[in-house]
2 protein chains.
Amino acid sequence: MNQSSTNAIRPLPDDLAERIDLAAQVFADNGLDATRIEHLAKATGIPRATLYYYFPGKEHILAHLLSRTLRQMTVKLSAAAAEPGTGRERLTRLVREHLVFIGSHGPTYRLLFAELGRAASLVDIAAGVDLAIMAPIREALRDGQRDGSLRVDDIGAATSIVYGAVLITGMQHLLIGSDRQLEDRAAALLDVILSGIGTTPKPRRSR
Amino acid sequence: MNQSSTNAIRPLPDDLAERIDLAAQVFADNGLDATRIEHLAKATGIPRATLYYYFPGKEHILAHLLSRTLRQMTVKLSAAAAEPGTGRERLTRLVREHLVFIGSHGPTYRLLFAELGRAASLVDIAAGVDLAIMAPIREALRDGQRDGSLRVDDIGAATSIVYGAVLITGMQHLLIGSDRQLEDRAAALLDVILSGIGTTPKPRRSR
DNA sequence: ACTAGCTTAGACGTATCGTCCAACCTGGGC
DNA sequence: GCCCAGGTTGGACGATACGTCTAAGCTAGT
């Protein structure tokens with residue numbers, strides 16, 4: 001996940017770096033395999049030969065896009081996690097920011113998700129996901145545990161659950177569309193995660 | 001999702017139906033695009049020409065495998081959901097069964113997961129996922145809501161969350177390996193979902 | 001004006017796809 | 001026992017897309 005070094009074969013000039021982002025839509029629409037390099041060339045305005053000059057192949061272009069997105073995500077989420085507050089407050093912010101990010105990076109995020117299942121290819125993507133997404137959650141949970149704002153028996157399990165909940169909620173938002181606002185979904189999600197759905201001794205705050 | 005009609009171009013003889021399952025491993029290892037039809041032929045012992053005799057192409061073979069898995073899943077999960085008990089008890093069974101299923105269908109489940117992100121191709125897979133997975137959860141939540149064994153403000157949101165939690169937990173189990181038993185993970189997961197991770201029975205204002 | 005490196009069109013060899021055909025089994029009907 | 005319909009298969013085929021390569025242009029710095 002270190003810069004573009006693993007993806008682009010040589011430093012990518014700024015003007016190309018901008019235009020290559022247009023490839024995300026193409027990948028998202030067709031999937032990795034059905035995407036023709038020629039099509040990427042047309043969509044980005046970068047000639048085929050130039051693409052091959054900078055990237056060994058199309059999957060490296062995809063990897064470039066994904067790791068760029070992951071880096072942005074790391075920045076956004078770790079910023080959200082770094083702000084002061086209890087673990088619980090930070091977790092809340094994280095979930096919100098994460099959903100917002102999904103909402104604003106639809107195509108790329110879909111790709112990221114699709115690639116997550118692959119074991120072999122694009123390995124460091126998995127590492128990047130852990131760094132960008134899981135780590136901040138884990139951190140917030142741990143701190144919430146310490147400062148008493150959260151009750152977490154099993155941090156590993158809870159991390160997976162939080163991530164899973166955000167992921168599926170986000171995907172639903174992307175695929176099914178925004179009949180409901182993200183804010184709304186985030187609130188409902190947090191309510192479930194914080195309060196659980198078991199019958200509770202006492203009424204809890206609902207949104 | 002209706003039988004193999006959409007995937008196999010003609011009824012698949014039993015002996016072939018058995019051997020075609022061996023293709024799952026190949027797909028899981030390489031991903032759809034990197035899988036060579038010749039490789040599938042070798043792995044299953046079914047000659048290339050015969051594969052093309054029954055399937056229009058490799059992605060239809062994949063679709064066949066996925067929808068078969070989904071059908072098994074529908075059977076398993078709806079059976080678990082059908083057993084008597086409160087909504088809460090059924091939800092618990094569902095989560096357990098689901099995780100067990102993931103554990104015993106690793107390769108295919110990974111594929112299913114990878115394909116979920118694609119919007120265009122294999123569309124009815126998405127519908128199948130909803131039927132096999134989301135629907136039983138939704139049902140159990142609704143019933144739990146009715147019989148008072150669960151407290152669910154927003155069934156749609158809760159369904160996504162339960163599914164997300166199970167999915168990621170299952171994937172983690174598949175990818176990272178079984179350092180922990182599935183039973184263990186299932187228990188931790190249910191604990192979080194039912195009780196939440198907010199600080200416990202602290203009286204709150206109801207709205 | 002010269003050079004080094006970026007850029008690009010186009011030609012090329014290779015791999016894999018999906019199609020097609022002709023030959024080969026095999027089992028049921030007569 | 002013979003015949004035919006339909007399943008089965010090897011191998012050849014054209015098409016497509018890949019990734020490589022070359023050579024010609026185009027800069028920008030010296």
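The basis for the numbers below is simple: all heavy atoms, side chains too, and nothing from hydrogens, waters or symmetry mates. Note that the structure is predicted; figures quoted are calculated from it, not measured. Proteins get letters first, then strands, A, B, ... in listed order; numbering begins at 1 in each.
If you measure from atom CG of Leu51(B) to atom C1' of dG7(D), you get 14 Å, rounded to the nearest angstrom. In this structure, Leu16(B) atom CG and dT9(D) atom P are separated by 8 Å, rounded to whole Å. The interatomic distance linking Phe55(B) (CZ) with dC17(C) (P) rounds to 16 Å, in whole Å. As a whole-Å value, the separation of His39(A) NE2 from dC18(D) P is 12 Å. Taking atom CG of Asp33(A) as the reference point, atom P of dT16(D) lies 18 Å away to the nearest angstrom. Look at OH on Tyr52(A): it is 14 Å from C1' on dG10(C), rounded to the nearest Å. The OH atom of Tyr54(B) sits 16 Å away from the P atom of dT19(C) (whole-angstrom rounding). Residue Lys42(A) contributes atom NZ, which lies 15 Å from atom C1' of dT8(C) at whole-angstrom precision.
With DNA chain C read from its 5' end, the first of the two nearest nucleotides for Ala49(B) and Lys58(B) is the one closest to Lys58(B).
For Arg48(B) against dG18(C), a side-chain N or O and a base N or O form a donor-acceptor pair under 3.5 Å.
For dT8(C), one of the phosphate oxygens OP1 or OP2 lies less than 4.0 angstrom from a side-chain nitrogen or oxygen of Thr50(A). Within the 4.0 Å cut-off from OP1 or OP2 of dG7(D), at least one side-chain nitrogen or oxygen of Tyr53(B) is found.
Using a 4.0 Å cut-off between charged side-chain N and carboxylate O, Glu139(A) and Arg90(A) make no salt bridge. A salt bridge is defined here as a Lys NZ or Arg NE, NH1 or NH2 lying under 4.0 Å from an Asp or Glu carboxylate O, and Asp21(A) with Arg68(A) meets this definition.
At a threshold of 4.5 Å between non-hydrogen side-chain atoms, the residues Arg96(B) and Leu190(B) count as touching.
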### Task
Begin with the C-alpha distance, continue with both residues' side-chain angles, and end with the deciding distance and a verdict on side-chain contact (heavy atoms from CB on, under 4.5 Å) for Gln72(B) and Val75(B).
CA-CA 5 Å; Gln72(B) 292 174 4; Val75(B) 172; 5.7 Å; no
